[in-house]
Amino acid sequence: MTVPRPDYDRRSGRDPKTVPATAAGVVWPGLCRALVFLGIGAALLALLFECRGYLLSGLYLDHIEGNVVIAGWQYLQGGALYGLDAGIPRLATYYGPLAYLAPLPPLLLLGPSVAASKLTSVLALAATIAAMGFHFFRQRPREAAAPAFLILVAGLLLFSPVSFWVRSDPLETLLVALAVAAASSRKRGWRVGACIGLAVNLKLHAFAYFLPLLVDLCCRDGRRALLVAASLAGLTFILPFFAPGIDFGDYIQSLAAQVGGRTPSPGLLAAVVPLLLLLLIPIAVPLAAWEQPREARIYGLAALATAALLLYPATFPGAGPYHFLPLVPVLADVRSRLRSAGPADLLPVAIVVLGCVTAHRVLHDLAVNRNAAAVSAAALRLVRDSPVRPVEIGYGDSLPSYEAAQLSRTVLVLNAYPVSFDAQVLMELKEIGIDGSARWVPELTRCRVRRWLVPKGEAPFALRSFFYDGRMLFDDKFRRAFLANYKRVDSTGPFDVWDCAHPS
């Protein structure tokens, strides 16, 4: 199919009848063009409001964010990043060392605070948008760049707050975006390889997001380019493990314990597949309905195959659709190479609408949970005024108090009060059949922790595994040991204070 392009004659002198009907060559109806730019503006504005509210809130939006910050900050104070405690992993995430190290620069430059700990991930989101925008509007005519950029910002908004929270996902997305932009440079093999190595150091399965880029690289430069990329990826991945306190063996053991104890849950497909289809239709429709350039078709099919492959990690217990977030820059880049998708180009506008609903929910959650910041401030005051050490944050029986406790732990660590007891880790271990609370029974008997701050009015350590199967997180032996060795001595602010019942 070809279309006349009189303006093309003036620029190139070529016969318009020979010009292929790319997205750049199709004159968009005014309404469609307006909707695309309206969608881009709405998505960027919603992301801006979300990030502003997030940075100023003093809160985290997920119970793992604080643990990422704690692990990195305690490593900076001389602790080991990984390790086993009585054969049980000290950390219970899938993350490589870079995920814990990335939040540290703003903490060092601006001082330790919850707000500073968020800057790296928020800046990663901004850098992703900037890098992809520069790539599209430099490499493609505006008519092709706009729908591709719409897919990018719509996807980032749809997966918020994952696109800017303090976990590995925003950084993985940035590295994929940088690899996409680097794929048009002369040294693309080296640059793509470096991005792969860094991403895999964030999360081991992150190499999957780069598979379409590797296919494209092979089509352009041959198999030797893959060898170059693989070599630099391996070197870049291994470098952080040469730092003191980051042991590769401990990392592999901890990762194997987590991954080996889980299997995908088919029940999650109902939550994962609809969102995936929303992202893929703007790519699948032009691939199926129009004749496309060979390289673009291969690149697009590789992206679709990668999305299907990612269903595996996305359906692990505790996972979800956000595992597709780092693939969004690739999907947007595929769209920029395809001929016009017609009405399918407007589907990302619907994604923006859905994303705005998500953004409203995020801002609502920040407003509803703002009391958690006051709870963490109270915890810090109580620990500073405590005549005994160490003091740990205990847990009650509700989800709001659990989330406030996770934030309080982070605030204490950033203010030089170490913590070691963590219900989130126990929750992850419980999911793979390990009772992490059992090893704490002797610690309770010896009163190693002299004082516990437990949410006021709640049953101590009656917490359930809210994010999994709802089972009791602490068994009867743990709770009996606590009640036998500690007594409530005060009730102040949002906490009941429990001290060791034994004489010093």
Side-chain angles (χ1 to χ4, degrees), residues 58 63 66-67 69-71 73-80 83 85-86 88 90-91 111-114 371-398 400-426 436-463 473-504:
H63 66 141
N67 284 359
V69 176
I70 288 172
W73 189 249
Q74 290 186 331
Y75 168 74
L76 200 63
Q77 309 307 310
D85 190 352
I88 298 174
R90 195 170 61 86
L91 297 176
S113 69
V114 171
N371 184 57
V375 173
S376 64
L380 180 60
R381 288 194 300 270
L382 287 171
V383 172
R384 281 175 173 166
D385 296 340
S386 175
V388 297
R389 294 282 192 278
V391 182
E392 290 267 3
I393 300 294
Y395 296 90
D397 54 26
S398 72
S401 69
Y402 162 73
E403 292 174 337
Q406 293 302 98
L407 177 63
S408 298
R409 294 177 68 256
T410 310
V411 169
L412 291 184
V413 168
L414 292 177
N415 284 274
Y417 296 103
V419 297
S420 57
F421 190 80
D422 182 9
Q424 184 267 323
V425 172
L426 301 184
S437 70
R439 69 179 180 84
W440 273 86
V441 172
E443 304 285 342
L444 296 175
T445 303
R446 294 197 302 268
C447 281
R448 187 187 69 78
V449 175
R450 303 301 298 177
R451 172 168 287 183
W452 291 91
L453 302 180
V454 178
K456 180 184 285 186
E458 296 191 13
F461 298 99
L463 190 68
L473 190 58
F474 304 95
D475 62 16
D476 291 340
K477 185 181 294 186
F478 179 97
R479 294 196 297 275
R480 285 197 301 269
F482 177 81
L483 294 174
N485 292 282
Y486 291 88
K487 60 181 179 180
R488 189 174 64 182
V489 297
D490 197 5
S491 185
T492 177
F495 293 103
D496 290 332
V497 180
W498 293 71
D499 280 358
C500 180
H502 308 319
S504 299

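- Interatomic distance, CZ of F461 versus CZ of F478, reported as 4.5 Å (0.5 Å rounding).
- Considering only heavy atoms from C-beta on, L444 comes within 4.5 Å of Y486 through its side chain.
- Note: L473 CG to Y402 OH = 8.0 Å, rounded to the nearest 0.5 Å.
- With sequence neighbours excluded, the residues satisfying ring-ring contact (aromatic ring centres under 6.0 Å, His included) with W440 are F421.
- Partners of S376 under the side chain to side chain donor-acceptor pair (under 3.5 Å) rule, at least two apart in sequence or in another chain, do not exist in this structure.
- Considering CD of E403 and CD of Q424, their distance stands at 12.0 Å, rounded to 0.5 Å.
- Rounding to the nearest 0.5 angstrom, the gap separating the CG atom in N67 from the CD atom in Q406 is 5.5 Å.
- A donor-acceptor pair under 3.5 Å links the side-chain atoms of D397 to the main chain of A459, judged by distance alone.
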Show the atom names and distances, to 0.1 Å, of all donor-acceptor pairs under 3.5 Å that link a side chain in residues 488-497 to residues at least two apart or in another chain.
residue: S491; atom: OG; partner: D496; partner atom: OD1; Å: 2.8
residue: D496; atom: OD2; partner: G457; partner atom: N; Å: 3.0

Test side-chain contact (heavy atoms from CB on, under 4.5 Å) on L380 and L412 and set out the steps. CA-CA 6 Å; L380 180 60; L412 291 184; 4.0 Å; yes
Go through F482 and F474 one step at a time and tell me if the side-chain contact (heavy atoms from CB on, under 4.5 Å) criterion holds. CA-CA 11 Å; F482 177 81; F474 304 95; over 6 Å; no
Test side-chain contact (heavy atoms from CB on, under 4.5 Å) applied to R384 and Y417, step by step: CA-CA 9 Å; R384 281 175 173 166; Y417 296 103; 3.0 Å; yes
